[in-house]
2 protein chains.
Amino acid sequence: MAATATLLGLEKKSLREQALAALRTAITSGALEPGRHLVETELSEMLQISRGTLREALRQLEQEGLVSAGARGRLSVRHLDAKEIRDIYSVRAALESLAARTLCELPDRQHVIGSLRAAIQAMEAATHGTLEERVESDLEFHRTMCRLTGNETLLHSWESLEGSIRMSIMFAGLEKGVRNMSVDRHNDIVAAIETGDATLARNTIREHMDSAAAVLVA
Amino acid sequence: MAATATLLGLEKKSLREQALAALRTAITSGALEPGRHLVETELSEMLQISRGTLREALRQLEQEGLVSAGARGRLSVRHLDAKEIRDIYSVRAALESLAARTLCELPDRQHVIGSLRAAIQAMEAATHGTLEERVESDLEFHRTMCRLTGNETLLHSWESLEGSIRMSIMFAGLEKGVRNMSVDRHNDIVAAIETGDATLARNTIREHMDSAAAVLVA
DNA sequence: AACACGGCGACTGTAAACAGTCGACCCCTG
DNA sequence: CAGGGGTCGACTGTTTACAGTCGCCGTGTT
């Protein structure tokens, strides 16, 4: 039963994880605006947790690049300019290109294709949902792609970047983000993977990323 | 003066940073062998720091992939098998390919070439040093390459992977690691960047990574 | 002998207290 | 009025103490 609960993601989350999630949401939603100075006592009071627990969460956030350290350990919400967004998307493109290429090289891609198609359906289902839901389903597709490679390191690296990606979308303005989630584009990616042509898949990903980044910094 | 001290890296390191460095060294040197269960009270006593401070360091280590979490927050030193090493090197190759490609696209690469050549000279100087020094100078070359792109996100991602890379080298056995640092290979990389041919540079990096990974898992 | 149960020890999760440091502001002085 | 010095307040760095939980082991029962 315990195992089932774990598999279903129902296990009690530690306060640290809750705090981490809450802070991520607060930052990517803009509740904590870029450049905002983060005061530990303030946050611990807001989240109703102790500073020690909070600090652990902040370390992870720091590692994810959502908060940056200033003088004497002062933390503030990271501020992204256009160049940084392009840089983030360059790295994202590199990682997802690897993912696509890896998937192309799998002998049996049926299961992969199926999972990706399911993720796209989830995106379609969210088409008329809130913006947050649409972004979420979009990221879920890409995360799934990385996960399906079976390369844990790749998945881990992508997830470390995920916060920055979310922030890019947030920072570039919410309306702009909408165009970033066309279902067609994602179908192209799946189709490319289905053919098994690694070069094609890589180029499709790269174009997808380039256009997404272009929209965000336009 | 304070700025100078900072630039020279002379600023007082916090206990957390010292602990982090110590733990990284302990793990990559094998003092804490893979699979080893990490007990907080044990480590805090060894390092002469409090558990709270230690836990912050452990969070970072976890994010870097050097330690993995088991049931109920139990941490242990990550165990790498051959597949994982290949996976790590796949991601490394993707990141460094991006770095090389980015450098190729710079209009003025003279400064870059100079810095890389200097890094190679440092490697040559370390040829007859200890194994640790050779590995260090090797990694320094690649880190420099990432840094010179000016893409902070890329550098950050690479540094997040650095611990895993070190662990790969350690895990695969120390003797094998030696061949991993041929100066010639690195000269090839610099030469490729100098030509400005992004495809050539990318392929050179990829070959370098492939052969390195092949040696490690042989 | 097998099994259920209860106490115990080992660890992690969390909180609260203590210490040190830097900057701002005010007062005092020339 | 300008400058020096000192006090105060706001934070972060670090430690110590407390609570909860799980597994182990011995014990008693059948």
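So you know, we letter chains A, B, ... as the sequences are listed, proteins then strands, and number each from 1.
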Separation of atom CZ in A:Arg74 from atom C1' in D:dG13, rounded to whole Å
12 Å
Using whole Å, report how far CD of B:Glu62 lies from P of C:dG13.
10 Å
Does a side-chain N or O from B:Arg55 land closer than 4.0 Å to OP1 or OP2 of C:dG13, or not?
yes
Of the nucleotides D:dC11, C:dT12, C:dT14, which has the atom closest to the A:Arg16 side chain?
C:dT14
D:dG23 C1' sits how many Å from B:Arg72 CZ, rounded?
7 Å
A:Leu47 and A:Ala22 have their tightest heavy-atom pair at CD2-CB, 4.0 Å
Applying a 4.0 Å non-hydrogen cut-off, can you work out what A:Gly52 is touching in the nucleic acid: base, sugar-phosphate, or nothing?
nothing
Calculate the interatomic distance between B:Glu45 atom CD and D:dT15 atom P; express it in whole Å.
13 Å
Going by atom types only, do A:Thr127 and A:Glu124 share a side-chain donor-acceptor pair under 3.5 Å?
no
Do A:Arg109 side-chain atoms and A:Cys104 backbone N/O form a donor-acceptor pair below 3.5 Å?
yes
Side-chain N,O (A:Ser50) to OP1/OP2 (C:dA15) below 4.0 Å:
yes
Is B:Leu38 touching bases, backbone alone, or none of the nucleic acid, heavy atoms closer than 4.0 Å?
sugar-phosphate
Short side-chain N/O contact to D:dG13 OP1/OP2 from B:Thr53, under 4.0 Å:
no
Would you kindly give the CG-to-P distance between A:Leu54 and C:dA16, to the nearest whole Å?
14 Å
Measure from CD on A:Glu40 to P on D:dG13 and round the result to the nearest Å.
6 Å
Return the value, rounded to whole Å, for the distance between atom CD of B:Glu56 and atom P of C:dT14.
14 Å
Report the distance from atom CZ of A:Arg51 to atom P of D:dG13, rounded to the nearest whole Å.
8 Å
Check every atom of D:dT14, C:dA15, D:dG13 against the side chain of A:Arg59 and return the nucleotide holding the closest atom.
D:dG13
Indicate, with a heavy-atom threshold strictly under 4.0 Å, whether B:Ser14 touches base, sugar-phosphate, or nothing.
sugar-phosphate
Tell me whether the rings of A:His142 and A:His186 are parallel (<30°), tilted (30 to 60°) or perpendicular (>60°).
perpendicular
To the nearest 0.5 Å, how far apart are CZ in B:Arg59 and CG in B:Leu54?
9.5 Å
